[in-house]
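These numbers come from a predicted model, not from an experiment.
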Amino acid sequence: MGKDTIADIITYIRNADRDRKGTVRIASTNITENIVKILLREGFLENVRQLVENNKSFLVLTLRHRRNRKRPYRTCLNLKRISRPGLRIYSNYQRIPRILDGVGIVILSTSRGIMTDRTARLERIGGEILCYIW
């Protein structure tokens with residue numbers, strides 16, 4: 001893992017989805033657990049379980065795939081990191097972008113924790129835009 005754990009998580013999930021892997025193992029931190037909870041709640045992941053090896057905690061994510069398709073394989077997940085350590089992107093609740101007219105989600109880091117764009121608009125708070133998922 002590098003210094004940007006959110007980008008690492010997004011890259012692990014994106015690469016596993018492209019390679020049609022069933023599971024992904026990522027390091028467990030508070031930020032990663034909150035992002036994974038949002039992905040699970042929104043239906044992008046099937047299952048999450050915690051694994052402890054050598055006093056290190058990991059999350060094992062089970063990805064959702066389109067099974068038994070005769071057409072060429074297309075990825076289920078599209079993830080894009082927006083705010084990064086070199087360039088932070090902030091938005092108030094009125095200017096939070098809508099991804100595919102509300103089909104995708106924006107994950108924000110707010111003063112009340114990590115949440116989706118819909119929740120942030122309802123609570124009328126803005127924050128740092130972490131990533132887009134569609």
Side-chain angles (χ1 to χ4, degrees):
M1 282 190 133
K3 294 182 180 182
D4 189 8
T5 57
I6 299 170
D8 290 340
I9 294 164
I10 289 172
T11 303
Y12 291 155
I13 294 172
R14 186 185 313 121
N15 290 342
D17 188 47
R18 283 186 184 154
D19 291 342
R20 300 185 202 183
K21 302 273 187 198
T23 60
V24 180
R25 190 175 93 165
I26 59 174
S28 177
T29 63
N30 288 336
I31 294 173
T32 59
E33 287 178 7
N34 289 329
I35 291 174
V36 166
K37 284 178 189 176
I38 289 173
L39 290 174
L40 186 64
R41 188 179 341 124
E42 295 291 328
F44 292 107
L45 298 175
E46 279 186 16
N47 190 14
V48 177
R49 60 187 167 94
Q50 190 131 14
L51 180 69
V52 178
E53 287 182 3
N54 300 331
N55 293 333
K56 292 184 181 179
S57 182
F58 296 99
L59 294 174
V60 178
L61 314 176
T62 305
L63 301 177
R64 246 185 65 212
H65 288 292
R66 297 178 183 150
R67 295 182 180 94
N68 301 326
R69 298 283 179 157
K70 295 189 179 182
R71 290 182 275 153
Y73 181 77
R74 288 179 44 211
T75 59
C76 272
L77 287 173
N78 291 313
L79 299 111
K80 184 176 181 183
R81 176 81 157 120
I82 302 301
S83 186
R84 49 192 168 86
L87 178 65
R88 302 288 186 186
I89 307 294
Y90 296 94
S91 177
N92 62 6
Y93 76 94
Q94 297 164 334
R95 294 181 185 250
I96 297 173
R98 292 185 190 275
I99 307 300
L100 296 176
D101 290 331
V103 174
I105 61 171
V106 177
I107 296 181
L108 295 138
S109 176
T110 66
S111 59
R112 296 185 192 161
I114 295 177
M115 60 181 65
T116 64
D117 56 339
R118 286 179 230 125
T119 311
R121 281 192 201 97
L122 287 174
E123 294 187 14
R124 299 180 143 230
I125 54 174
E128 181 183 352
I129 299 175
L130 297 179
C131 60
Y132 297 157
I133 302 169
W134 71 95

* Do Met115 and Ile96 share a hydrophobic cluster, counting only Ile, Leu, Val, Met, Phe, Trp and Tyr and linking them when any side-chain heavy atoms are less than 4.5 Å apart? -> no

* Closest non-hydrogen atom pair, Leu130 against Arg81 -> O-NH1, 3.3 Å

* Asked: Which of these passes side-chain contact (heavy atoms from CB on, under 4.5 Å) with Leu61: Asn47, Leu40, Val36?
  -> Val36

* Interatomic spacing from CD1 in Ile35 to SG in Cys131 - rounded to 0.5 Å -> 5.5 Å

* Give the other cluster members for Leu51, using side-chain heavy-atom distances under 4.5 Å between Ile, Leu, Val, Met, Phe, Trp and Tyr residues; answer none if it is isolated. => Phe58, Val60

* Asked: Quick one: do Arg118 and Glu42 make a salt bridge, cutoff under 4.0 Å?
  -> yes

* Thinking salt bridges, do Glu46 and Arg64 make one under a 4.0 Å N-O criterion? -> no

* Asked: Ion pair present between Arg84 and Glu128, side-chain N to carboxylate O less than 4.0 angstrom?
  -> no

* **Common cluster, Ile31/Phe44, ILVMFWY with side-chain heavy-atom separation under 4.5 Å** => yes

* salt_bridge(Lys3, Asp8) N-O dist < 4.0 Å -> no

* To do: Would you check if Asp117 and Ile105 make a side-chain contact, meaning some heavy-atom pair closer than 4.5 Å?
  => yes

* **Residues clustering with Val52 (ILVMFWY side chains joined when closer than 4.5 Å, directly or via others)** => none

* **Exercise: identify the closest heavy-atom pair between Ile129 and Ser83** => O-CB, 2.8 Å

* Asked: Are Ile133 and Leu39 close enough that some pair of their side-chain heavy atoms sits under 4.5 Å apart?
  -> yes

* Given side chains that start at C-beta, do those of Ile114 and Ile107 come closer than 4.5 Å, heavy atoms only? -> yes

* Asked: So if you build clusters from Ile, Leu, Val, Met, Phe, Trp, Tyr with side-chain heavy-atom gaps below 4.5 Å, do Ile125 and Ile89 land together?
  -> no

* Asked: Can you check whether Arg25 reaches Leu59 side chain to side chain, under 4.5 Å on heavy atoms?
  -> no

* To do: Using the rule that two of Ile, Leu, Val, Met, Phe, Trp, Tyr join whenever any of their side-chain heavy atoms come within less than 4.5 Å, decide whether Ile99 and Leu122 are in one cluster.
  => no

* To do: Measure the spacing between CD1 of Ile9 and CZ of Arg14 and express it to the nearest 0.5 Å.
  => 12.0 Å

* To do: Mind listing the closest non-hydrogen atom pair of Leu63 and Lys21 along with its distance?
  => CD1-O, 3.8 Å

* Structure fact -> Rounded to the nearest 0.5 Å, the CG atom of Asp101 sits from the CH2 atom of Trp134 at a distance of 14.0 Å

* Asked: Between the main-chain N or O of Ala7 and the side-chain N or O of Thr11, is there a donor-acceptor pair closer than 3.5 Å?
  -> yes

* Asked: Hey, does the side chain of Asp17 reach the backbone of Ile13 with a donor-acceptor pair shorter than 3.5 angstrom?
  -> no

* **Interatomic spacing from CD1 in Ile38 to CG in Leu45 - rounded to 0.5 Å** => 11.5 Å

* Flag the pair Gln50 / Ser28 as yes when at least one side-chain heavy-atom distance between them is below 4.5 Å, and no otherwise. => yes

* Are any non-hydrogen side-chain atoms of Tyr132 and Ile82 less than 4.5 angstrom apart? -> yes

* So how far is it from Ile26 CD1 to Thr23 OG1, rounded to the nearest 0.5 Å? -> 11.5 Å

* Tyr93 versus Arg121, side-chain donor and acceptor atoms under 3.5 Å -> no

